[in-house]
Amino acid sequence: MGRRILNDALRTIVNAERRGKATVDLKPISTVMSSFLRIMKHHGEYVLTSEYGFLANVGVTRHKLLIGYIRDFQVYDPHRVGRITVELQGRINDCKALTFRKDIKARDIEAYRLKTLPTHQWGYVVITTPDGVLDHEEAIKKNVGGQVLGYFH
């Protein structure tokens with residue numbers, strides 16, 4: 001049942017991205033969904049910015065700014081049915097949750113990533129492990145396997 005809730009929420013996010021919406025409300029919620037969204041928020045690409053805040057390739061002072069797949073999310077009333085409001089950035093091409101259990105060993109994570117994601121340059125596979133919900137890079141670093149929750153790119 002929990003994976004169905006996650007799958008419905010991720011499909012709602014993708015549909016809102018395709019329509020150009022700025023925010024989306026997700027109901028019902030789960031802790032796994034919050035963990036998945038946290039990974040989507042903290043992973044992305046670094047962009048060089050100048051001290052004035054606009055994107056620039058040249059400048060006196062350069063800063064690295066992380067642009068995640070989603071801007072932010074807020075959890076409202078997590079003890080009851082609740083809802084999550086997600087602020088979108090327009091960076092998600094596809095986002096899916098596996099509704100079946102897919103066990104994966106630590107040594108097979110890279111092969112699964114290459115098979116699932118459309119390109120080698122971006123995208124993440126999200127795995128639930130004994131160490132918590134991790135993306136594929138952290139799971140490889142910690143040398144731990146688990147069950148695949150889903151992926152996004």
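In this chain, numbering begins with 1 at the start of the sequence shown. Worth saying up front: this structure is predicted, and the values here are computed from it rather than measured.
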(request) List in chain and number order the residues that pass side chain to side chain donor-acceptor pair (under 3.5 Å) with D94, two or more places apart in sequence or in another chain; answer none if no residue qualifies. (result) R11
(message) The test is side chain to side chain contact (heavy atoms under 4.5 Å, CB included); show your working for V32 and T128 and say whether it passes.
(response) CA-CA 9 Å; V32 173; T128 179; over 6 Å; no
(message) Just so I know, are the side chains of V144 and P130 near enough to count as touching, which here means a heavy-atom distance under 4.5 Å?
(response) yes
(request) Please collect all side-chain hydrogen bond (donor to acceptor under 3.5 Å, both in side chains) contacts where either partner lies in residues 139-152, sequence neighbours excluded, each pair once. (result) R3-Q147, D103-Q147
(message) So V125 and I104, do their side chains get closer than 4.5 Å, heavy atoms only?
(response) no
(message) Measuring from atom CD1 of I39 to atom CG of L134, what distance do you get when rounded to the nearest 0.5 angstrom?
(response) 6.5 Å
(message) How long is the straight-line distance from OG1 of T12 back to CG of N7, given to the nearest 0.5 Å?
(response) 9.0 Å
(request) Nearest 0.5 Å please: distance from the OG1 atom of T31 over to the CZ atom of R38. (result) 11.0 Å
(request) With rounding to the nearest 0.5 Å, note down the distance linking CD1 in I140 to CD in E110. (result) 4.5 Å
(message) Please tell me whether F100 and Y112 are part of a single hydrophobic cluster in this structure, the criterion being side-chain heavy atoms less than 4.5 Å apart.
(response) yes
(message) If I compare all heavy atoms of S34 with all of V75, which pair ends up nearest, and what's the gap?
(response) OG-CG2, 4.0 Å
(request) Using a 4.5 Å cut-off on heavy atoms from C-beta on, say whether the side chain of E87 contacts that of I70. (result) no
(message) Looking at S30 and M33, would you say the former's side chain and the latter's main chain have a donor-acceptor pair under 3.5 Å?
(response) yes
(message) If hydrophobic clusters are built from ILVMFWY residues whose side chains come within less than 4.5 Å, do L98 and F152 share one?
(response) no
(request) Using side chain to side chain donor-acceptor pair (under 3.5 Å) as the criterion, list what pairs up with D25, not counting sequence neighbours. (result) T85
(message) Any non-hydrogen side-chain atom of L26 less than 4.5 Å from a side-chain atom of I13?
(response) yes
(request) With sequence neighbours left out, write down each residue that passes ring pair (Phe, Tyr, Trp, His ring centres under 6.0 Å) with H136, or none if nothing qualifies. (result) Y124
(message) Going by the rule side chain to side chain contact (heavy atoms under 4.5 Å, CB included), which residues pair with K27 if we only count those two or more places apart in sequence or in a different chain?
(response) R83
(message) Working to the nearest 0.5 angstrom, can you tell me the gap between R91 CZ and R71 CZ?
(response) 11.5 Å
(message) Counting C-beta onward and ignoring hydrogens, is there a side-chain heavy-atom pair between L149 and V133 closer than 4.5 Å?
(response) yes
(request) Check whether any side-chain heavy atom of L10 lies under 4.5 Å from a side-chain heavy atom of F36, and answer yes or no. (result) yes
(request) Give the minimum heavy-atom separation between D72 and Q74, together with the two atoms involved. (result) OD2-NE2, 3.6 Å
(message) My understanding is that only one of R113, H42, H43 makes a side chain to side chain donor-acceptor pair (under 3.5 Å) with D135; could you say which?
(response) H43
(request) Drop me the distance from F73's CZ to L88's CG, to the nearest 0.5 angstrom. (result) 13.0 Å
(request) Taking salt bridge (Lys or Arg N to Asp or Glu O under 4.0 Å) as the test, write out the residues that go with D8, two or more places apart. (result) R4
(request) Determine the minimum heavy-atom distance between A139 and I127, stating which atoms define it. (result) CB-CD1, 4.3 Å
(message) Show the nearest heavy-atom pair for residues P28 and I5, with the distance to one decimal.
(response) O-CG2, 3.6 Å
(message) Within the 4.5 Å heavy-atom criterion, are C95 and M40 side-chain neighbours or not?
(response) yes
